[in-house]
Amino acid sequence: MELIRLDKFISGQMPEYSRNDVKQLCRRGRVAVNGVAAKSADMKIDAHTANVTVEGKTVCYKKNVYIMLNKPSGVVCSTRDGLSKTVLELLPKNLLRQGLFPAGRLDKDTEGFVLITDDGELAHKMLSPKSHVPKRYFVRLEHDICPDAERIFKLGITIDGGEKCLPAELELTDSANECYLTLHEGMYHQVKRMFEALGNRVVYLKRVKIGGVELDPKLELSKVRELTPEEIQKLILS
Ligand code: URA
């Protein structure tokens with residue numbers, strides 16, 4: 001049982017209604033709980049079992065939301081930024097709700113999969129250094145990839161400042177300056193710094209997978225979709 005105030009419940013699930021709107025609608029008899037008109041917006045309901053309607057529309061309760069964004073370059077992974085557009089500003093109105101944040105960061109010029117959620121517990125599991133949730137990147141480099149790269153990354157390369165990376169998997173492609181790289185941690189600018197340590201330079205970077213979930217190839221840049229229940233389960237697979 002999760003008891004919650006009716007106005008908080010409705011505005012949390014349907015951001016188009018403010019708590020004040022809910023109050024007004026209750027006064028006009030436009031909100032019903034289990035088929036009975038709600039007399040006051042501060043009544044407590046059980047979020048999991050109550051059947052709530054607002055102006056005839058049923059409120060579908062979701063405790064948390066999990067959104068896949070195909071981030072374009074030029075957008076920052078934070079909730080607020082005075083200068084640049086943030087990933088939250090790319091969300092359509094129907095997905096907006098309080099408490100959303102990007103779980104993990106990509107650089108401003110990196111594209112690809114960003115998970116936006118309001119589930120702090122899952123984000124913590126995903127981002128905790130102990131969890132080693134794999135993240136897969138497509139990488140394009142200025143120069144051809146050196147023959148030793150795969151072996152050196154597998155051993156754990158030491159990058160500038162003396163930081164030793166965990167073993168990472170490099171997969172070559174048909175193109176000599178393009179590859180996939182899977183990391184099991186998330187140090188600052190890690191992919192770029194790993195290739196810099198080999199004397200190369202990343203010219204394009206895109207995250208294509210988090211845990212067991214691939215970036216949906218049908219999702220265009222800047223577009224979002226909610227994760228399926230199966231995908232949510234697969235997020236923290238390591
Ligand atoms: N590594 C980087 O260098 N940049 C990113 O955005 C993600 C991983």
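Start at 1 and go down the list; that is how both ligands and their atoms are numbered. Along the sequence shown, the residues carry numbers beginning at 1.
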Trainee: Do E55 and Y17 pair up side chain to side chain, a donor and an acceptor below 3.5 Å, judged on atom types alone?
Mentor: yes
Trainee: Is the count of non-hydrogen atoms from other residues, nucleotides or ligands lying under 6.0 Å from R105 atom CZ greater than 12?
Mentor: no
Trainee: Using distance alone, determine whether R105 and ligand 1 share an N or O pair under 3.5 Å.
Mentor: no
Trainee: For ligand 1, which is the ligand I care about here, please tell me if K192 has any N or O atom under 3.5 Å from one of the ligand's N or O atoms.
Mentor: yes
Trainee: Ignoring hydrogens and angles, state whether a donor on the side chain of H189 or E196 is under 3.5 Å from an acceptor on the partner side chain.
Mentor: no
Trainee: Run the side-chain contact (heavy atoms from CB on, under 4.5 Å) check on C60 and Q13 step by step: do they pass?
Mentor: CA-CA 7 Å; C60 296; Q13 303 296 314; over 6 Å; no
Trainee: Please report whether ligand 1 has a polar contact with R193, defined as an N or O pair separated by less than 3.5 Å (distance criterion only).
Mentor: no
Trainee: Would you please indicate if the ring centroids of F195 and F153 are separated by under 6.0 Å?
Mentor: yes
Trainee: Which ligand 1 atoms, with their elements, are less than 4.0 angstrom from a heavy-atom of T110?
Mentor: 4 (N), 5 (C), 6 (O)
Trainee: Taking only heavy atoms of Y137 into account, list the atoms of ligand 1 that are under 4.0 Å away from them.
Mentor: 7 (C), 8 (C)
Trainee: Nearest protein heavy-atom contact for atom 4 (N) of ligand 1: which residue, which atom, what distance?
Mentor: D107 OD2, 2.7 Å
Trainee: Could you tell me the residue and atom name of the protein heavy atom closest to atom 1 (N) of ligand 1, and the distance to it rounded to 0.1 Å?
Mentor: V191 N, 3.1 Å
Trainee: Within the 4.0 Å heavy-atom shell around L205, which atoms of ligand 1 are there?
Mentor: 1 (N), 2 (C), 3 (O), 4 (N), 5 (C)
Trainee: Counting neighbours of NZ on K164 that are heavy atoms of other residues, nucleotides or ligands and sit closer than 6.0 Å, is the number greater than 12?
Mentor: yes
